[in-house]
Every structure is written in C-alpha cells, then in structure tokens.
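Presented below is the structure to which this report refers.
Numbers restart at 1 for each chain; the letters A, B, ... are given by sequence-line order, proteins then strands. Hydrogens, waters and symmetry mates are skipped; everything else that's a heavy atom, side chains included, is used.
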2 protein chains.
Amino acid sequence: MARTGRPREFDKERTLERALELFWSRGYGATSIQDLVDALAVERGSLYGAFGDKRRFYLEAVRLYWQVYERHLTAALDTSPLLPALREILTHPVRLDELVSDLGAPQGCLIGNTTAELVPQDGEATEIVTRSYRRFTDIVAAALRRAQAAGEVTDTGSPEAQAQLLLYIVQGLSLVSRAGLDRAAALAAVDAAVDGLRA
Amino acid sequence: MARTGRPREFDKERTLERALELFWSRGYGATSIQDLVDALAVERGSLYGAFGDKRRFYLEAVRLYWQVYERHLTAALDTSPLLPALREILTHPVRLDELVSDLGAPQGCLIGNTTAELVPQDGEATEIVTRSYRRFTDIVAAALRRAQAAGEVTDTGSPEAQAQLLLYIVQGLSLVSRAGLDRAAALAAVDAAVDGLRA
DNA sequence: CGACTTCTTGACTGGACGTTCAAGAAGTCG
DNA sequence: CGACTTCTTGAACGTCCAGTCAAGAAGTCG
C-alpha cells in the first residue's frame with residue numbers, strides 16, 4: 001500500500017492548464033508532443049507518466065475547459081434582467097479576440113474545435129462535446145424559463161428551442177471568427193438575436 | 001506550342017468531385033494521399049501531376065464546394081415569399097444528415113470544417129472561407145432587403161445584421177450536428193430563428 | 001516511322017510523429 | 001542505512017506520410 005516514491009517535480013494541474021492553452025490555440029492534430037515538451041518544460045516520459053497518451057491528455061484538457069466555462073456560464077446567467085447577461089455570453093468570442101489577439105492565442109471555443117476535429121470519429125470526444133452542448137442548452141433554457149415567467153423574454157418560442165438556437169449562434173460566431181472578426185457586424189448580429197428574444 | 005502527349009486516363013473534374021467527398025467526410029489532415037489513391041483509383045504521381053500537392057488539391061475541392069453551394073443558395077433565395085426558402089437553406093445540414101447517414105458521409109459544411117482546421121494558419125484557406133462567408137451574407141442580405149421591402153420580413157434589424165446572424169446559425173448548426181442531431185430540437189430552433197424575422 | 005510530349009506506375013526518400021524503455025535520481029519507510 | 005517506489009531524462013523504435021523520380025506507355029505531329 002506504499003504510496004511513496006520520488007515526488008513529481010512539476011505542478012500537474014498547472015501543466016494541464018498550460019497544455020489546454022496550447023491545444024486551444026493549435027488544435028489536437030497540430031500540437032505535437034514535442035510542442036508540449038517545449039512549452040511545458042516537462043519531458044516526454046513525465047507527460048506520459050502523468051497524463052497517459054496524447055489523446056487522454058487532450059480529452060482531459062477539454063474536460064477542464066468545459067468545467068471552467070460551465071461555472072462561468074451558470075454564474076453569469078443567474079441574474080435579472082437576463083438579456084444583458086446573455087448578450088455578454090454570446091459576445092464572449094468577440095471579447096476573447098480583443099484581449100488576446102496575438103498568434104498562438106486561443107481560437108474559438110475548444111468544444112467547437114473538438115467537434116470539428118475529432119467528432120464523430122472519436123467516441124469519447126463525442127460524448128464530452130455532446131454532454132457539454134446538452135448542459136449549455138439546459139442552463140440557458142432554465143434561465144430563459146425564468147425570464148419568460150418574469151415577462152422579460154417572449155414566450156412565442158419554447159425556452160428549449162430558444163436555447164438550442166443560442167447554442168448555434170455562439171458556436172457559429174466562434175467558428176466564423178477564426179476567419180477574421182468584423183466586430184461591428186458580429187455585435188449587430190448578436191443584438192439582432194437578443195432583440196428577437198425580447199418580450 | 002505542342003499541346004500533345006499521352007492523354008490523361010481519368011476524368012479530372014470527376015476525380016476532383018470524388019476527392020471533395022472524401023475531404024468533406026474526413027477532413028484535410030485525416031485524409032492521406034494513400035486514401036485518395038485508393039478511393040479515386042488514380043496513382044500518386046498522376047494526382048500530383050494533375051492537382052499539385054495535397055494542399056492545392058484540397059483548396060481546389062473547397063473552391064468547387066463553394067461554387068456549387070453558392071449556385072444553390074442564389075437559386076433557392078430568388079423567390080417570394082422568402083422565409084420558407086430560408087428555412088430550407090438553414091435546415092440543409094439536417095436534411096444532408098437524413099440523406100447520407102452512413103459513416104464516411106459528408107459532415108457539416110466544408111467551409112466550416114476548413115475554417116476549423118486550416119484557418120487562420122493557412123492564408124489561402126483563410127481567403128477562400130472569408131470570401132465565401134462574405135458572399136453568403138451578401139446574397140442573403142440582398143434577399144432580406146427585398147423581403148423587407150415586400151413587408152414579409154421585419155425591418156427592426158438591418159438586412160446585413162440579420163444575414164450575419166443567419167450565417168452564424170447555419171454554421172453553428174452544421175458544426176453541432178456532427179455530435180449527433182436531434183432533428184426535432186434543430187428544426188424548432190431554426191423555426192424560432194425564422195419566426196424572429198417575420199414582419 | 002521516328003521524334004517529341006505528356007501521362008502512368010510504384011518504388012523510394014527523408015522527415016515527423018507518438019510511444020516505449022532503460023538507467024539513474026529523489027524521495028519514503030522500516 | 002538499505003530496500004522500495006515513483007519520477008526524470010533522453011535516446012531509440014516503428015510507423016506513417018507527403019512528395020519525388022526514373023522507366024516505360026500512349027498518344028500527336030512532321
């Protein structure tokens with residue numbers, strides 16, 4: 001039952017966070033183990049020892065990404081009125097691009113990127129992104145239900161359908177933004193969407 | 001000025017179309033030259049001779065894809081009332097999934113896939129997808145402008161903003177669909193979007 | 001026919017990549 | 001201290017892949 005041995009010299013959690021950034025900016029296929037070794041200053045064998053192979057490492061990073069995003073989403077939407085907060089959520093990709101606009105900066109949404117690159121070939125990746133999309137719509141639909149009850153949001157559509165539509169919009173915006181972002185056009189589009197929800 | 005020599009034994013245009021299908025279903029990185037050789041029944045050297053390297057081959061396929069899509073889009077939206085046609089366009093990914101649901105079937109929108117995989121690293125790919133997005137919004141905005149004038153579509157938003165929003169919705173739907181399609185939810189979301197445009 | 005051009009074929013090359021492994025280092029426990 | 005466990009390091013391995021090339025085949029043109 002000995003749990004002793006030489007202690008790890010790097011911070012596993014912090015290393016995962018930095019790997020997440022790398023995977024986020026370059027994608028799964030375009031990030032080589034060598035890239036990770038260089039960027040994380042951890043040797044190959046140590047990475048394999050701590051995280052298993054490349055695929056498991058990546059999936060772990062994706063899980064962490066969603067965990068952080070979901071926390072942010074839940075906190076942001078727990079407010080009234082809802083629509084300004086929703087606007088913030090939808091324009092998140094735009095503001096991300098404002099903050100870190102150098103090359104190697106995070107690109108789009110990691111869940112969306114994973115969907116494009118690994119789904120549906122990879123079953124585990126598919127499971128993660130499917131669950132993430134599901135949680136997004138659940139959280140947003142719940143918030144919309146409250147806002148409909150409060151008379152802030154139109155009830156001409158079901159909260160579920162509205163939430164599904166909002167998922168498409170965030171993911172579409174994240175994706176299209178990679179090709180260059182016309183901020184004014186993006187904000188106008190998001191405003192049009194949010195206005196469509198107003199009661 | 002001799003343009004003679006041994007004639008090509010395969011149909012270049014048809015080969016490009018079949019390569020398009022392969023790239024569409026597997027993506028750029030995951031499609032090897034060997035896959036193309038096997039699927040197209042054309043030897044490596046001949047492919048290189050006819051299309052240049054893999055990247056040029058792929059970009060040519062993407063150009064062809066957009067060319068076909070744009071023709072379809074323009075034709076479909078040249079109608080009145082506009083909203084039913086728009087609904088058709090938006091649900092295109094859903095119906096694609098209905099038609100060809102075997103593995104190896106086209107996945108999402110090739111422009112969107114290219115955006116996720118090659119943009120912004122590849123300048124030429126970025127140029128192609130940027131132009132495609134631009135043309136999509138131009139064509140859709142023009143149609144919306146006509147429909148606004150006809151009183152079919154609300155003029156609370158500019159046609160440009162509405163078109164940009166619709167671009168996000170198609171791309172988002174295409175992407176999210178890869179993870180499995182809940183047709184009812186997708187159609188409800190699209191209907192919510194189209195209803196939001198009604199005057 | 002014979003010179004010329006282009007296409008076909010498939011073996012070959014060089015490099016990049018994910019993964020493994022053996023030897024040594026750094027701790028803990030009795 | 002000595003046995004034991006885990007981590008570190010970096011070289012090595014096997015695989016796969018994009019791209020090249022030389023030799024031959026199949027046409028055209030004078």
Regarding the side chain of B/Arg6, the nearest nucleotide among C/dT6, D/dT28, D/dG10 is C/dT6
Between NZ of A/Lys12 and C1' of D/dT8 the distance, given in whole Å, is 16 Å
With a 6.0 Å cut-off (strictly less than), is the heavy-atom count around CZ of A/Arg134, excluding the residue itself, greater than 12? no
In whole angstroms, the gap separating P of D/dG24 from CD of B/Glu43 amounts to 18 Å
Side-chain atoms of A/Lys54 come closest, of C/dG18, D/dA25, C/dT9, to C/dG18
Checking D/dG27, C/dA11, D/dG24 against the side chain of B/Pro7 (C-beta onward), the nearest is D/dG27
Rounded to whole Å, CG of A/Asp38 lies from C1' of D/dG10 at a distance of 13 Å
In whole angstroms, the gap separating P of C/dT9 from CD1 of B/Ile33 amounts to 16 Å
To the nearest angstrom, the CD-P distance between B/Glu9 and C/dG10 comes to 12 Å
Closest to the side chain of A/Tyr48, out of D/dA18, C/dT20, D/dC29, is C/dT20
**Item:** Donor/acceptor link under 3.5 angstrom from B/Arg44 side chain onto base of C/dG10
**Value:** no
Here the distance between atom C1' of D/dC17 and atom CG of B/Leu36, to the nearest Å, is 12 Å
Using a 4.0 Å heavy-atom cut-off, does B/Gly45 contact any base of the nucleic acid, only the sugar-phosphate backbone, or nothing at all? base
Q. For B/Arg145, does the CZ atom have more than 12 heavy-atom neighbours from other residues, nucleotides or ligands under 6.0 Å away?
A. yes
Looking only at D/dG27, C/dG27, D/dT9, the nucleotide nearest the B/Thr4 side chain is D/dG27
Pairing partner of D/dG27, by Watson-Crick or G-U wobble and under 3.5 Å for both distances, is C/dC4
Here the distance between atom P of D/dC21 and atom CG of B/Leu47, to the nearest Å, is 18 Å
Requested in this report: Establish whether B/Leu181 and B/Val170 are linked, either directly or via other cluster members, by ILVMFWY side-chain heavy-atom contacts under 4.5 Å.
Outcome: yes
| message | Let me check something: do A/Leu22 and A/Leu16 share a hydrophobic cluster, defined by ILVMFWY side-chain heavy atoms less than 4.5 Å apart, either directly or through other members? | response | yes
By nearest-nucleotide position on DNA chain D, the 5'-leaning member of B/Arg55 and A/Ala41 is A/Ala41
Inset, instruction - Could you check whether A/Ser46 gets within reach of a base, just the sugar-phosphate, or nothing at all, counting any heavy atom under 4.0 Å? - result: base
Any strand, both distances under 3.5 Å, Watson-Crick or G-U wobble: C/dG15 pairs with D/dC16
Q: Tell me what A/Phe57 touches on the nucleic acid: a base, only sugar-phosphate, or nothing, going by heavy atoms under 4.0 Å.
A: nothing
Comparing A/Gly49 with B/Gln34, nearest DNA chain D nucleotide closer to 5' gives the residue A/Gly49
Scanning all shown strands, the Watson-Crick or wobble mate of C/dC21 with both distances under 3.5 Å is D/dG10
Heavy-atom check, side chain of B/Thr15 versus side chain of B/Phe51, under 4.5 Å: yes
Distance-only polar pair, side chains of B/Arg26 and A/Gln121, donor-acceptor under 3.5 Å: no
Rounded to whole Å, OH of A/Tyr58 lies from P of C/dG18 at a distance of 14 Å
